[in-house]
2 protein chains.
Amino acid sequence: MPKVATRQDARQKLLDAALSVIRTKGYSATSVDELCAAAGVTKGAFFHHFKSKEELGVAAANHWSQITGALFAQAPYHEHADPLARIIGYLEFRKALLQGGVPEFTCLVGTMVQESYETAPAIREACNASISDHAAALEPDIEAAMRDRALAADWSAASLALHTQAVLQGAFILAKAKGGAAVAADSIDHLIRYLKLLFGPGAAERQS
Amino acid sequence: MPKVATRQDARQKLLDAALSVIRTKGYSATSVDELCAAAGVTKGAFFHHFKSKEELGVAAANHWSQITGALFAQAPYHEHADPLARIIGYLEFRKALLQGGVPEFTCLVGTMVQESYETAPAIREACNASISDHAAALEPDIEAAMRDRALAADWSAASLALHTQAVLQGAFILAKAKGGAAVAADSIDHLIRYLKLLFGPGAAERQS
DNA sequence: ATATACATACCGACCAGTTGGTATGTTGTC
DNA sequence: GACAACATACCAACTGGTCGGTATGTATAT
């Protein structure tokens, strides 16, 4: 029996618990006690690993970056030869992720940054890094697609990458408001349509 | 001296205070005491007008709907003869609203629904109504634009209207994460570009 | 005109429960 | 035996909410 396994992993259990609890109730409404209960850990363990609730918030945002980073890095859409196909594939992948209850497919950092952007700068910055890094990962494919089609656009690859994240974050808000994933899928479809119009046949001629 | 003025307006003062305080700190992190202090009102007055904090949340969402409803109803973009111009005008208007600090231009109900969608059904529904009604107000113009151009689209006016709200809500999240309005404006620009591609010259031929 | 009756608007002390955080153990490991 | 990884007990501050009370307005009957 790996006795070591029960020891030393309180931090991980807290971090994992934070992902689901905070996505369900929000950061402020989530108490330390609740987090400990969900993780099956005592309060002493909590403050042994995190010197404050805010530090847990920062760590949770970073944890989220790691997990989602790994998920998207190994996703199959990277295999497409055409960069545009990879971008569309990414968005189809995000649509396919809209499974289960709303708390299960929504974004931790999008939720957290709303509550803490003015009151907890460290959390805001960790959330910003998570979103911005994820967006930055899309830039090379967007740039390649622009080059392929010789697009002389009045927008940058970076701004389009951020726009995809805006649509996704907004789609999550609508899903929360309406209590279902359907709206979110519709919004992603509109984004896909936008990309196809931007990069599709005759696109270079339409833009100048 | 209007002695009456000092009476009876505690409710309004609380509602107005709620708009700014909740947009800054979020719903959960805003305490009743804080709300009272910001409104210059006592706790007794609070619970005289609202039987619970949650009821204040619902009332604040409705108050927000009223205020924003009036703002957009009297906005100048309705004067355009062309329905597409009205839609683009609406989005330009929203871009022009990105002034001042982040808490001043972001959306109350978008913020609130993130925190309460699972825990406070009444607030969720009030926020949903605010967003959905606002989106619904855009539908007639979208439908008219589709009719004008004889678009046989595989998307509905309703879904496009909701998509505009998703982009706006997402733009606010990015603005909060990055600490400035610039990203939000860029995202609205992408949305405007999408609409121009959807409805612009040759659009009917491109879609089938 | 005025007394009675009642409703509305508001005040502020108070309460029980919860909050984030701390101080002091205990236990296993190198 | 030193140190990390926890557990337990506890605390002051704050939380949403209650409650008895007061000031003011209004309808009605006399």
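All chains are named by letter (A, B, ...) in the order of the sequence lines, taking the proteins before the strands, and each is independently numbered beginning at 1. The structure presented is a predicted model; accordingly, all values stated were derived computationally and were not measured.
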For residues 103-111 of chain B, tabulate all N or O donor-acceptor pairs below 3.5 Å that involve a side-chain atom, not counting sequence neighbours.
from, atom 1, to, atom 2, distance (Å)
B:Glu104, OE2, B:Gly101, N, 3.2
B:Thr106, OG1, B:Val102, O, 2.9
B:Thr111, OG1, A:Gln114, OE1, 3.3
B:Thr111, OG1, B:Cys107, O, 2.9
B:Thr111, OG1, B:Lys176, NZ, 2.9

| message | Any residue in residues 15-23 of chain B with a heavy atom nearer than 4.0 angstrom to DNA chain C? Just list them by number, or reply none. | response | none
| message | With salt bridge (charged side-chain N to carboxylate O under 4.0 Å, His left out) as the rule and sequence neighbours excluded, what pairs involving residues 57-74 of chain A come up? | response | none
| message | Run the ring pair (Phe, Tyr, Trp, His ring centres under 6.0 Å) test against B:His134 and tell me which residues pass, sequence neighbours left out. | response | B:Phe72, B:Tyr90
| message | How many whole angstroms separate atom NE2 of B:His48 from atom C1' of C:dC10? | response | 7 Å
Below 3.5 Å is the cut-off: list the nitrogen or oxygen pairs between protein and nucleotides 15-19 of chain D, distance only.
from, atom 1, to, atom 2, distance (Å)
D:dG16, OP1, B:Lys53, NZ, 3.3
D:dG16, OP2, B:Val32, N, 2.8
D:dG16, N7, B:Lys43, NZ, 2.9
D:dG16, O6, B:Lys43, NZ, 3.4
D:dG17, OP2, B:Lys53, N, 2.8
D:dG17, N7, B:Lys43, NZ, 3.4
D:dG17, O6, B:Lys43, NZ, 2.9

| query | Can you tell if the side chain of A:Asp148 reaches within under 4.5 Å of the side chain of A:Pro83, non-hydrogen atoms only? | reply | yes
Side-chain donor-acceptor pairs of residues 34-47 of chain A under 3.5 Å, sequence neighbours excluded:
from, atom 1, to, atom 2, distance (Å)
A:Glu34, OE1, A:Lys25, NZ, 3.2
A:Glu34, OE2, A:Lys25, NZ, 2.8
A:Lys43, NZ, A:Asp33, OD1, 3.4

| query | What is the distance from NZ of A:Lys25 to P of C:dT18, rounded to the nearest Å? | reply | 12 Å
| For A:Tyr194, ring pair (Phe, Tyr, Trp, His ring centres under 6.0 Å) partners two or more places apart | A:His163, B:His190, B:Tyr194
| message | Just the rounded figure in Å: distance from C1' of C:dT19 to CG of A:Leu56. | response | 15 Å
| message | Tell me every residue that passes side-chain contact (heavy atoms from CB on, under 4.5 Å) with A:Ala137, counting only those two or more places apart in sequence or in another chain. | response | none
| said: Between P on C:dC10 and CD on B:Gln12, what's the gap in Å once rounded to a whole number? | reply: 11 Å
| said: Going by salt bridge (charged side-chain N to carboxylate O under 4.0 Å, His left out), name the pairs with one or both residues in residues 78-91 of chain B, residues two or more places apart or in two chains. | reply: B:Asp82-B:Arg149, B:Arg86-B:Asp141
